[in-house]
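To find a chain, count down the sequence lines: A is the first, B the second, and so on, and within it residues start at 1. Because the structure is a prediction, the values reported are computed rather than measured. In what follows, every heavy atom counts, from backbone to side chain, and hydrogens, waters and symmetry copies are set aside.
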2 protein chains.
Amino acid sequence: MSTTEVSEVGAAEWALFDGFVAMHAELARELDRRLQRDAGISQADYAVLLTLFKAPERQLRPGALGELIGWEKSRVSHQLTRMVSRGLVERIECDTDGRGSLVVLTRAGRRALLGAMRDHALAIRALFLDLLEPDEKQAIASASSRVLQRLTESRELDAS
Amino acid sequence: MSTTEVSEVGAAEWALFDGFVAMHAELARELDRRLQRDAGISQADYAVLLTLFKAPERQLRPGALGELIGWEKSRVSHQLTRMVSRGLVERIECDTDGRGSLVVLTRAGRRALLGAMRDHALAIRALFLDLLEPDEKQAIASASSRVLQRLTESRELDAS
DNA sequence: GGAATGTAGTTGACGTGTCATCTGTTCTGA
DNA sequence: TCAGAACAGATGACACGTCAACTACATTCC
């Protein structure tokens with residue numbers, strides 16, 4: 001019986017993982033689609049615009065931006081290049097550091113963000129938050145932070 | 001006080017969503033990195049190889065493959081093109097349908113998959129499954145299927 | 001002050017994902 | 001039987017992400 005039990009436990013766990021991954025994929029796809037349809041921007045655009053909007057002076061160094069969103073520098077750089085070409089943000093010179101630049105929202109970027117925020121928040125509620133029971137929210141929150149913690153440790157271990 | 005309560009509840013929920021998204025992103029990145037390092041393939045490659053491997057005759061129509069993995073046809077097609085160029089799979093003619101083709105594993109594809117399976121499973125255990133309490137597993141499983149369900153309904157509604 | 005070193009950011013190559021469109025086959029029904 | 005609809009898949013254009021260089025400014029320390 002132990003064999004059966006073990007493999008059944010195993011099967012349930014793989015199903016859990018697959019379901020979790022599939023759920024995230026579909027959710028992200030749908031949120032992206034709606035954001036694109038309603039406001040003409042992507043989730044990546046949204047993250048950058050929102051982070052800039054919340055920043056003290058509505059402007060950030062690329063490095064700080066990456067830090068806040070959790071992206072590596074080259075991803076930030078590529079994303080900014082695309083957003084500049086779409087007119088959502090601008091790169092300006094940085095007074096205090098000759099290497100760096102400052103990223104600022106354009107009027108169009110600000111408008112796109114404001115147009116997106118309400119719908120995006122509603123979509124996240126309707127497709128995710130409102131479907132969770134309180135204990136599920138608790139479980140997901142604590143599981144997320146534990147897994148994230150583990151990943152960070154594992155990364156630091158690798159780097160050493 | 002209700003304002004405070006509402007906004008606090010709101011804040012906790014956004015933190016939950018952000019944490020969940022960040023956790024998934026980091027987890028997927030790390031699994032990808034390890035798969036790439038240990039077996040020289042991506043998660044996308046892995047999904048295709050495994051699905052082919054599990055198929056009755058070790059071969060599938062692109063459409064059926066997409067169905068099983070949950071990908072749309074153009075994604076399948078692009079992925080297959082890349083995998084063919086890397087020698088992991090082959091496209092052969094389909095006898096029974098002049099439009100279609102059949103995808104089969106190459107020897108290299110089979111070897112890559114077998115080399116990847118153990119490490120990949122261990123990584124998923126170590127970075128995810130083993131970190132979850134039983135009740136968290138239960139919560140994530142039921143939440144995933146409920147959200148997925150909702151997304152499917154929403155898609156069908158859109159299509160109509 | 002000047003060589004070594006670190007840091008901020010960009011770039012190119014490549015793999016991945018989506019949408020719209022196109023080609024060619026199969027099916028269907030008058 | 002044959003015109004048109006449905007279907008299987010491929011393709012091009014473009015957005016996104018990662019890794020490995022690379023540029024150029026800033027620091028440090030002799």
> Is the cationic atom of B/Arg125 (NZ for Lys, CZ for Arg) positioned less than 6.0 Å from the six-membered ring centroid of A/Trp14 and within 45 degrees of its normal?
Replying inline: yes
> How is B/Glu72 classified with respect to the nucleic acid when contacts are heavy atoms under 4.0 Å: base, sugar-phosphate, or nothing?
Replying inline: sugar-phosphate
> Looking only at heavy atoms, what is the nearest atom pair of B/Glu30 and A/Ser154, with distance?
Replying inline: OE2-OG, 4.1 Å
Give me the distances for all protein-to-nucleotides 8-10 of chain C N/O pairs that come in under 3.5 Å?
residue	atom	partner	partner atom	Å
C/dA8	O3'	A/Arg61	NH2	3.3
C/dG9	OP1	A/Arg61	NE	3.1
C/dG9	OP2	A/Gly63	N	2.7
C/dG9	N7	A/Lys73	NZ	3.3
C/dG9	O6	A/Lys73	NZ	2.9
C/dT10	OP1	A/Arg91	NE	3.4
C/dT10	OP1	A/Arg91	NH1	2.5
C/dT10	OP2	A/Ser77	OG	2.8
C/dT10	OP2	A/Arg91	NH1	3.0
C/dT10	O5'	A/Ser77	OG	3.4

>> Looking at A/Arg75, I'd like to know whether one of its side-chain N or O atoms comes within less than 4.0 Å of OP1 or OP2 on D/dA15.
In response: no
> Among residues 20-33 of chain A, which residues get a heavy atom nearer than 4.0 Å to DNA chain C?
Replying inline: A/Arg29, A/Arg33
> How many Å lie between CE on A/Met83 and P on D/dA15, as a whole number?
Replying inline: 13 Å
> Which atom names give the shortest non-hydrogen contact between A/Ala22 and B/Leu148, and what distance separates them?
Replying inline: O-CD1, 3.9 Å
>> Against the six-membered ring of A/Phe53, is A/Arg58 placed for a cation-pi contact (under 6.0 Å from the centre, within 45° of the normal)?
In response: yes
> Tell me, which of residues 37-60 of chain A have any heavy atom that sits under 4.0 Å from an atom in DNA chain C?
Replying inline: none
> What pairs with A/Arg82 under side-chain hydrogen bond (donor to acceptor under 3.5 Å, both in side chains), at least two apart in sequence or on another chain?
Replying inline: A/Gln79
> With A/His120, which residues qualify under ring pair (Phe, Tyr, Trp, His ring centres under 6.0 Å), at least two apart?
Replying inline: A/Tyr46
>> A/Arg61: which residues meet the salt bridge (Lys or Arg N to Asp or Glu O under 4.0 Å) condition with it, sequence neighbours left out?
In response: A/Asp97
